[in-house]
Peer 1: 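Just dropping this structure here.
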Amino acid sequence: QMGGVEDLKRAKSLNEEVYDFLSSASAKYGLGFWKPGSGIIHQIILENYAYPGLLLIGTDSHTPNGGGLGGVLIGVGGADAVDVMAGLPWELKCPKVIGVRL
């Protein structure tokens with residue numbers, strides 16, 4: 001709204017409790033947590049997480065961008081993310097595949 005530096009400062013102030021919780025919970029359970037201002041998430045995924053053969057479930061709409069390196073990276077909503085973090089099975093419903101011969 002006002003510019004990158006000012007907006008980041010405002011977001012940190014308004015959401016400090018949420019960021020502190022996410023940071024401490026991530027540290028406790030060995031999860032990756034990139035603090036606000038760390039960078040553009042789809043670039044962070046490419047540089048730090050994505051590799052061929054990986055299955056990664058993330059909560060950002062840019063998560064699938066990492067699939068360009070040969071993995072299956074899927075962006076999900078909060079409820080699915082909670083299931084994954086709790087160790088519950090996660091499934092991807094896929095429609096019946098129809099072959100097309102040209």
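Worth saying up front: this structure is predicted, and the values here are computed from it rather than measured.
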Peer 1: State whether the number of non-hydrogen atoms from other residues, nucleotides or ligands found under 6.0 Å of Glu6 atom CD is greater than 12.
Peer 2: yes
Peer 1: Would you say Val84 and Leu31 are hydrophobically clustered, going by side-chain heavy atoms of ILVMFWY under 4.5 Å?
Peer 2: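 As far as the 4.5 Å side-chain criterion goes, Leu31 and Val84 are not connected within one cluster.
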Peer 1: Establish whether Ile57 and Val82 are linked, either directly or via other cluster members, by ILVMFWY side-chain heavy-atom contacts under 4.5 Å.
Peer 2: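 No, Ile57 and Val82 fall in different hydrophobic clusters.
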Peer 1: At what distance, to the nearest 0.5 angstrom, does OH of Tyr19 lie from OG of Ser26?
Peer 2: 13.0 Å
Peer 1: Please name the pair of heavy atoms, one in Ala50 and one in Gly66, separated by the smallest distance, quoted to 0.1 Å.
Peer 2: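 Heavy atoms of Ala50 and Gly66 come nearest at CB-O, 3.7 Å.
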Peer 1: Looking only at non-hydrogen atoms, find the nearest pair between Ala81 and Thr59 and report the distance.
Peer 2: CB-CG2, 3.4 Å
Peer 1: Considering residues, nucleotides and ligands other than Phe33, do more than 12 of their heavy atoms fall under 6.0 Å from its CZ?
Peer 2: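 Counting other residues, nucleotides and ligands, CZ of Phe33 exceeds 12 neighbours.
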Peer 1: Does Tyr49 belong to the same Ile/Leu/Val/Met/Phe/Trp/Tyr cluster as Leu73, with side-chain heavy atoms less than 4.5 Å apart forming each link?
Peer 2: yes
Peer 1: Supply the atom-to-atom distance Ile40 CD1 to Trp34 CH2, rounded to the nearest 0.5 angstrom.
Peer 2: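 So the CD1 of Ile40 and the CH2 of Trp34 are separated by 13.5 Å.
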Peer 1: Distance from Asp7 atom CG to Leu14 atom CG, nearest 0.5 Å?
Peer 2: 10.5 Å
Peer 1: Is it the case that atom CG in Leu54 sees more than 12 heavy atoms from other parts of the structure closer than 6.0 Å?
Peer 2: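 Counting other residues, nucleotides and ligands, CG of Leu54 exceeds 12 neighbours.
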Peer 1: Could you tell me the separation between the CG atom of Asp20 and the CG atom of Asn15, rounded to the nearest 0.5 Å?
Peer 2: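 If we round to the nearest 0.5 Å, Asp20:CG and Asn15:CG are 10.5 Å apart.
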Peer 1: Would you give the length of the straight line joining atom CD of Glu91 to atom CG of Asp83, rounded to the nearest 0.5 angstrom?
Peer 2: 10.0 Å
Peer 1: Show your working on side chain to side chain contact (heavy atoms under 4.5 Å, CB included) between Ile45 and Asn65 and close with a plain yes or no.
Peer 2: CA-CA 8 Å; Ile45 289 171; Asn65 186 51; over 6 Å; no
Peer 1: Please check if Met85 and Trp90 belong to a single hydrophobic cluster, counting links between Ile, Leu, Val, Met, Phe, Trp and Tyr side chain heavy atoms closer than 4.5 Å.
Peer 2: no
Peer 1: Please report the shortest heavy-atom distance between Lys35 and Ser23, naming the atom on each side.
Peer 2: NZ-OG, 3.9 Å
Peer 1: Nearest 0.5 Å, please: how far is CG in Leu88 from CG in Asp80?
Peer 2: 10.5 Å
Peer 1: Treating Ile, Leu, Val, Met, Phe, Trp and Tyr as nodes and any side-chain heavy-atom pair under 4.5 angstrom as an edge, say whether Leu55 and Tyr51 lie in one connected cluster.
Peer 2: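 Cluster IDs for Leu55 and Tyr51 differ.
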